[in-house]
Structures are given as C-alpha cells and as structure tokens.
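Just so we're clear, the structure is a prediction, and the values are computed from it rather than from any experiment. The figures that follow rest on heavy atoms only: side chains count, while hydrogens, waters and symmetry mates do not.
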Amino acid sequence: MEAVLKNVAGTAELLAVASLSGEVERWEEPTVSRAFQWARYCEHLCRRFHDNPAIRRVIEKQLRVTNHGLRAAFAGYGDVSFSDLYRCQHLLLVGLLKNPQLPISVMKILFDAEQNSSAVGADAEVQAEMLMERLGALLSRGGEARHILDSVPQGFEGAAGHFCVVIAAALLMKKNSSQDFLLDWLQKEQSVLEQMCSSLPSALIIELTKKQPKFRDAFCDLLKKWASDMEYSLSEGEWIQTRRNPTVSFDRLTEHFLGLFETCPSVRVDVEEELNALKMSDGDFDVRGLSVWGDLLSAFNKSV
C-alpha cells in the first residue's frame with residue numbers, strides 16, 4: 001500500500017508540474033509517454049478501489065497531505081481529489097495545454113493522430129478541444145498563438161486531411177474568442193483552407209458556413225478562385241483545374257456553390273450577379289466550354 005500511496009502522490013505532483021511549472025520546457029516524447037502512463041495508472045486505481053471505503057480513505061488522506069504541500073509550492077494550484085483520478089489523463093492534457101512554457105515539440109506529440117501511447121487518439125472533437133484550450137491559454141496571456149497553428153499541421157504528416165477535420169470540429173464548438181483567431185489565421189493560410197474545402201464532406205462544409213459567416217465568406221472567395229483557374233479540356237469535354245493541388249472537379253465546384261446558396265440565399269444573388277458580369281467579359285456566349293462562368297450559371301439554373 002505504501003507504494004500505491006507514493007505513486008498517487010507522485011502523479012498529483014506530476015499534474016502540478018504539467019500545468020504550473022516551466023519544467024515542461026525540457027519534456028520530450030518519452031517524458032510525455034511516461035506522464036500519461038502514470039495518469040492511466042491512477043485512473044485504474046480509482047476504478048479498482050472506488051467501492052473499497054477503507055483503501056479509499058487512505059488514498060484521500062494521502063491526497064490531502066500532497067495537496068497541502070503543492071499549494072505551498074505552486075501559486076494557483078488546485079487540489080486533486082479521489083474522484084479527479086477518474087479523469088487523470090484529461091487533467092494532465094488540459095494542464096499541459098494551458099502551460100505557456102509547453103514546447104512545440106510536445107504539442108506535436110499531443111496532436112499526433114497516429115500516436116497510440118498517449119491519452120490522445122484520433123478523435124477530432126477531443127483534439128479540437130485541445131487546440132482551443134491551447135489557443136485560449138496563450139491569447140489570455142497575450143502570448144503569440146499563431147506559431148501554434150503554423151507548427152501543429154506538421155505533426156500530421158501524411159494526414160493533412162485529419163488536421164482539417166480537427167479545425168472544422170473546433171469551429172463548430174460553442175462560440176468562443178479563440179474561434180475568431182482561428183478563422184483569421186485560416187483566411188491567411190489559403191493552402192490550409194483549400195485542403196479543408198477540397199477534402200471535407202460537403203455536409204460538414206455547409207454546417208461550417210451556417211455557423212461561421214467568416215468561413216462562409218472565405219469559402220465563397222475560394223470557390224471563385226477555383227473557377228478562375230479552370231480550363232476547358234476538349235479531349236475530356238470538361239472544365240479542369242491545372243494550377244491547384246488538390247484539384248477540384250467542375251461538378252464538385254458546382255455542388256459547393258449550390259450548398260452555399262442553400263445555406264445563404266442572399267449569397268446566390270450576389271454571386272450570380274458577379275458571374276454574369278464575368279460571363280459578359282468573356283463574350284457572353286451561351287456555348288458550353290467558352291466561359292466557365294457561363295457554364296456555372298447554366299448548372300445553377302438546371303438545379304432550380
């Protein structure tokens with residue numbers, strides 16, 4: 001039992017260090033892995049001894065002693081109770097994300113979609129909460145948050161589409177100030193925006209346009225850029241993109257426009273007026289293949 005109590009005390013100290021100490025600057029992947037192993041160990045203890053009043057009392061006594069010492073050592077420390085041990089991994093994760101000294105290298109480990117040894121799996125909603133926790137902590141302290149967004153995608157090598165899903169999940173969360181920062185960053189990072197809009201399901205994009213007007217406007221501008229990059233292929237009898245990667249088909253482009261119009265009918269009026277002007281500048285022909293703007297308008301009319 002002495003070893004169990006020592007481990008519980010050590011894990012409470014670990015949580016304090018993770019959230020309140022500059023020590024995390026020196027953490028590396030093995031340190032992170034061990035930290036989550038100890039957190040899982042305490043969760044196991046909590047489940048095992050929850051219905052054993054005698055052992056639970058002993059553990060709670062140890063926690064009171066440990067909390068007393070940690071309150072003296074760390075300003076702003078919050079006590080850890082026996083019931084907190086049920087969510088020890090979550091407390092560790094949130095503590096790390098709120099610590100302004102957390103290095104980018106650890107951030108990449110926490111957000112790695114392929115990482116199976118940490119508390120974080122591939123669940124986009126959990127990772128979205130992580131992202132917003134971290135952004136919120138940095139912004140509240142006046143810290144530089146942009147480097148987090150610039151660096152995190154590198155942790156998704158080979159899985160850029162997953163990072164796009166994480167961003168979408170973050171934007172669909174309950175409204176908070178970090179979302180405005182994320183949207184501003186997304187508008188400047190056209191490559192990420194393009195990846196999102198070309199890889200996410202149409203239904204998810206529509207949901208984003210309904211909830212976030214800034215995203216809707218950026219999405220509309222992107223669709224027009226995609227259209228302007230299209231050339232008509234005589235061999236394929238279709239409009240194709242030649243300068244974008246990933247590429248988007250004409251049918252997919254039309255689908256995106258129609259989804260946007262369904263979300264916000266007033267956008268359709270403005271877009272069709274603009275496309276008509278562009279069609280006229282191309283000669284105002286009604287022959288397929290001469291103007292991408294004219295062919296888009298024709299596709300819109302067929303959908304009515």
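F215 and F219 have parallel rings, their planes meeting at less than 30° on a 0 to 90° scale where 60° marks the start of perpendicular. Taking the six-membered ring for Trp and thresholds of 30 and 60 degrees, W239 and Y232 have ring planes more than 60 degrees apart, a perpendicular arrangement.
Taking every heavy atom of both residues into account, V267 and C220 meet most closely at CG1-SG, 4.2 Å. Across all non-hydrogen atoms, the minimal contact from I205 to L200 is CD1-O, 3.8 Å. Minimum interatomic distance between A12 and L70 (heavy atoms only, all atoms of both residues): O-CD1, 3.7 Å. A pairwise comparison of heavy atoms in C88 and A39 identifies CB-O, 3.5 Å as the closest pair. Smallest separation of non-hydrogen atoms from I59 and L5: CA-CD2, 3.9 Å. Contact detail for G22 and Q101: the closest heavy-atom pair is CA-CG, 3.8 Å.
Going from atom CG of N67 over to atom CD of E60 covers 11.0 Å, rounded to the nearest 0.5 Å. Interatomic distance, R34 CZ to L14 CG, rounded to the nearest 0.5 Å: 10.5 Å. Here L260 contributes atom CG and E255 contributes atom CD; the two are 12.5 Å apart, rounded to the nearest 0.5 Å. Rounded to the nearest 0.5 angstrom, L223 CG and C197 SG are separated by 7.0 Å. Interatomic distance, L135 CG to S178 OG, rounded to the nearest 0.5 Å: 5.5 Å. Atom CG in N276 sits 5.0 Å away from atom CG in L297 (nearest 0.5 Å).
Classification of E274 and K224 as a salt-bridged pair holds, one side-chain N sitting under 4.0 Å from a carboxylate O. Contact check on D184 versus K214 returns a salt bridge, with a Lys/Arg side-chain nitrogen under 4.0 Å from an Asp/Glu carboxylate oxygen. Between D286 and K279 there is a salt bridge, since a side-chain N of the basic residue sits under 4.0 Å from a carboxylate O of the acidic one. E207 and K211 are not joined by a salt bridge, as no carboxylate oxygen comes within less than 4.0 angstrom of a charged side-chain nitrogen. A salt bridge between E273 and R268 is absent, with no side-chain N of the basic residue lying under 4.0 Å from a carboxylate O of the acidic one. A salt bridge between K175 and D180 is present, with a side-chain N of the basic residue lying under 4.0 Å from a carboxylate O of the acidic one.
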Inset, instruction - For T254 and F257, run side-chain contact (heavy atoms from CB on, under 4.5 Å): C-alpha distance rounded to whole Å, both residues' side-chain angles, the deciding distance at 0.1 Å, then the answer. - result: CA-CA 5 Å; T254 303; F257 266 120; 5.7 Å; no
Inset, instruction - Could you go through the salt bridge (charged side-chain N to carboxylate O under 4.0 Å, His left out) check for K210 and E262 one step at a time? - result: CA-CA 10 Å; K210 288 179 180 177; E262 183 179 343; over 6 Å; no
Inset, instruction - Verify side-chain contact (heavy atoms from CB on, under 4.5 Å) between M132 and Q179, making sure each step is shown before the conclusion. - result: CA-CA 8 Å; M132 301 311 274; Q179 287 177 329; 3.4 Å; yes
Inset, instruction - Please test S198 against R252 for side-chain hydrogen bond (donor to acceptor under 3.5 Å, both in side chains), starting from the C-alpha separation and ending with a verdict. - result: CA-CA 9 Å; S198 60; R252 174 75 164 165; over 6 Å; no
Inset, instruction - Take E272 and F300 through the test side-chain contact (heavy atoms from CB on, under 4.5 Å) and record every step on the way to the result. - result: CA-CA 9 Å; E272 288 189 337; F300 298 163; 3.9 Å; yes
Legend entry - Test log, rule side-chain contact (heavy atoms from CB on, under 4.5 Å), inputs V269 and F261: CA-CA 9 Å; V269 176; F261 297 160; over 6 Å; no
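Each of L85, V4, T11 was checked for a side-chain contact (heavy atoms from CB on, under 4.5 Å) with L45, and the lone residue meeting it is V4.
Looking at Q241, its side chain does come within 3.5 Å of a backbone N or O of V248 through a donor-acceptor pair. With Q212 contributing its side chain and L171 its backbone, the two residues share a donor-acceptor pair below 3.5 Å. Within the 3.5 Å criterion, the main-chain N or O of V24 finds no donor-acceptor partner in the side chain of N99. Here the side chain of D84 pairs no donor or acceptor atom with the backbone of V80 at under 3.5 angstrom.
Taking 4.5 Å as the limit, every side-chain heavy atom of C42 sits out of range of all side-chain heavy atoms of Q89. Side chains of W185 and I167 form a contact here, defined as non-hydrogen atoms less than 4.5 Å apart. Residues M230 and I240 form no side-chain contact, since every pair of their non-hydrogen atoms from C-beta on lies 4.5 Å or further apart. The shortest side-chain heavy-atom distance between L208 and R216 does not fall under the 4.5 Å cut-off. No side-chain heavy atom of R26 sits under 4.5 Å from any side-chain heavy atom of T31. Contact of the Q195 side chain with the C164 side chain is registered, since non-hydrogen atoms from C-beta on lie closer than 4.5 Å. Proximity of V58 to I55: side-chain heavy atoms (C-beta onward) are nowhere separated by under 4.5 Å. Contact of the S281 side chain with the W293 side chain is not registered, since no non-hydrogen atoms from C-beta on lie closer than 4.5 Å.
With hydrophobic clusters built from ILVMFWY side chains whose heavy atoms lie under 4.5 angstrom apart, L253 does not share a cluster with I206. Residue L91 is grouped with residue L20 when hydrophobic side chains (ILVMFWY) are merged at heavy-atom distances under 4.5 angstrom, including chains of intermediate members. Linking Ile, Leu, Val, Met, Phe, Trp and Tyr whenever their side-chain heavy atoms come within less than 4.5 Å puts V106 and V17 in one cluster.
By the side-chain contact (heavy atoms from CB on, under 4.5 Å) test, L290 pairs with F285, V287, sequence neighbours left out.
Side-chain contact check for H44 and R40: no donor-acceptor pair (N or O, by modelled atom type) lies under 3.5 Å. Side chain to side chain, S298 and R288 fail the donor-acceptor criterion of an N or O pair below 3.5 Å.
A ring-centre distance under 6.0 Å is not found for F82 and F49.
Under a cut-off of 6.0 angstrom, the local environment of CZ in R48 is sparse, with at most 12 non-hydrogen atoms contributed by other residues, nucleotides or ligands. Within 6.0 Å of CD on E28 lie no more than 12 heavy atoms contributed by other residues, nucleotides or ligands.
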